[in-house]
There are 2 protein chains.
Amino acid sequence: MRRQAVQRTKESGPGGPRGPVATRAQLLDAAAVVFASRGFHDATVREICRAAGANVAAVSYHFGDKGRLYSAVLRETGRRAALIAAPVRDAAPANPPAKRLGAFVRSMLSMILAEGPASLHGQILAREMIDPTAALDQVVAEFMRPQAEHLQGVVRELVGPKVPAADVRRLALSVVSQILFYKHCRPVLERLYPGECPGAAQLDELTRHITAFSLAALRGLARPGSKRRALEP
Amino acid sequence: MRRQAVQRTKESGPGGPRGPVATRAQLLDAAAVVFASRGFHDATVREICRAAGANVAAVSYHFGDKGRLYSAVLRETGRRAALIAAPVRDAAPANPPAKRLGAFVRSMLSMILAEGPASLHGQILAREMIDPTAALDQVVAEFMRPQAEHLQGVVRELVGPKVPAADVRRLALSVVSQILFYKHCRPVLERLYPGECPGAAQLDELTRHITAFSLAALRGLARPGSKRRALEP
DNA sequence: CCCCGGTTCAAACAGTTGTTTGACATTTCA
DNA sequence: TGAAATGTCAAACAACTGTTTGAACCGGGG
């Protein structure tokens, strides 16, 4: 009663190297949902298959085992994240750095604050950060490192050439930390300030706040001597 | 061979409501280690009991079940965190707000960057934020809310009375986010910049950076009109 | 027609999980 | 000493885990 004669593609001949795509794709979608809500270890193959309307043996048949299914989901995660982030990085490199910083914050926040199916992969990434699996290396290399280097470039433009590279890196981390916070600490925020937890509707407001906070900090620290002043009480 | 005639307290009479403390305490310590490294679901009662040198039935006998053992660990977590944070909040309320901000950042960072046994409860808290259990409510109420309100008080002093309360809250969140980042994203940092991941040795440097960044932002935003200027490109 | 590669299925597999059991040990109080 | 409370233990429990098995199904090509 759960799957009524799933649509089968006609081009899936038995001789072709690729079998019917339906079950495999449904398995991937269902796995993303379950992995996102339960985590890798707590997610069960049976629950994934039940959600996909497939037999328990389907995971073993189509992916080999649970771990390789997770890897496939995470590969899709990285692919989607890169698709969202790449255009923001490449577009309008001649824009003023303040504007580019705002665009970066907004695109990353839109991933963080996503709701519904779009939020699945962000949730999986958040779990992967605290409880990494072997698949994290690939995500860092393909998605996070380009993001980090882009942001460092923007920060460099804002603070000028005199600031050491190590400081630029720390400054960039202070920016992203404000964004990721609303993903990692959402359960805490929901309990601290019930009812006013930022969702997709607050994208504009949050973008404005984080960008303004970061710009004020970067401009203040770029002024020579201000760093020392900020330190001494 | 693992536990040689554990020290038994004389005052543990059968009539008293509390039995011998040894096994129970060792169970608590071992559970903190295992819960911190594996998470609640992936941690097994058998591993905890093995680490504690106790029988598998000990958890059921002393705590009822695995869930109540976890609650007991988290209660201890909140207690220790409050013990570290409370003196920083209460001490020297007459100090200049910049200095109090630095003290707050430092005390929180010292928990975040802790290594060895001291890091266990921070690790457990980090997990609880992403994968909350029913026990998170108590931790938020007893530890995190006082911390948040203290920080908002400091921020209020720094930005003056004209800034709306909602903005003060967002500003305070931008400060703590920079601190928690080094806990939540440590696995990512280790892969992005191998070998130079901040540990307890970088406590001073990180405190300086986050405090300076936040102070520059707060002072910049406190200047009237600066917020609008920061927004427009 | 029948066979064949690809796919699905119910059933079973071996292993691990949290928890319980009943016997045994130790201590305390009468 | 005897009885009762308190704690510990090896063993077993039922439930669940990921994975495998062998039979069934299905569409086309011989």
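The shown structure was predicted, so the numbers you read here are calculated from the model rather than taken from an experiment. Below, chain A is the first sequence line, B the second, and so on; all start at residue 1.
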Nearest-Å distance, OH (B:Y70) to C1' (C:dG18)?
17 Å
Please give, in whole Å, the distance from D:dG18 P to A:K66 NZ?
4 Å
To the side chain of A:T23, which of C:dA10, C:dG18, C:dT8 is closest?
C:dT8
Rounding to a whole Å, what distance do you find between B:R24:CZ and D:dT8:C1'?
16 Å
Do any side-chain nitrogens or oxygens of A:N55 fall under 4.0 Å of OP1 or OP2 in C:dA10?
yes
Using a strict threshold of under 4.0 Å (side-chain N to carboxylate O), is an ion pair present between B:R79 and B:E142?
no
B:Y61 OH to C:dG22 P, in whole Å, measures 17 Å
Selection from D:dT19, C:dT19, C:dA10 that lies nearest to any side-chain heavy atom of A:R46:
D:dT19
Looking only at C:dT19, C:dC9, D:dC9, the nucleotide nearest the B:D65 side chain is C:dT19
How do A:A57 and A:D42 order along DNA chain D: which one's closest nucleotide is nearer the 5' end?
A:D42
For the pair made of CD in B:Q26 and C1' in D:dT8, what is the distance, rounded to whole Å?
13 Å
Are any of the side-chain nitrogens in B:R50 or B:E47 under 4.0 Å away from the carboxylate oxygens of its partner?
no
Separation of D:dT19 P from A:I48 CD1 (nearest whole Å)
10 Å
For the pair made of CZ in B:R38 and P in C:dT16, what is the distance, rounded to whole Å?
14 Å
Rounded to whole Å, how long is the line connecting atom NE2 of A:H62 with atom P of D:dT20?
15 Å
Would one find a side-chain N or O of B:T44 under 4.0 angstrom from OP1 or OP2 of C:dT16?
no
With side chains defined as the heavy atoms from C-beta onward, is the minimum distance between B:I124 and B:Y70 less than 4.5 Å?
yes
Is the distance from OP1 or OP2 of D:dT17 to the nearest side-chain N or O of A:H41 less than 4.0 Å?
no
Would you say the side-chain atoms of B:Q178 and A:S177 include a donor-acceptor pair closer than 3.5 Å?
no
So, A:R156 and A:E149, do they make that salt bridge, N to O below 4.0 Å?
no
Look at A:S60 and D:dT20 and indicate whether a side-chain polar atom (N or O) is within less than 4.0 Å of OP1 or OP2.
yes
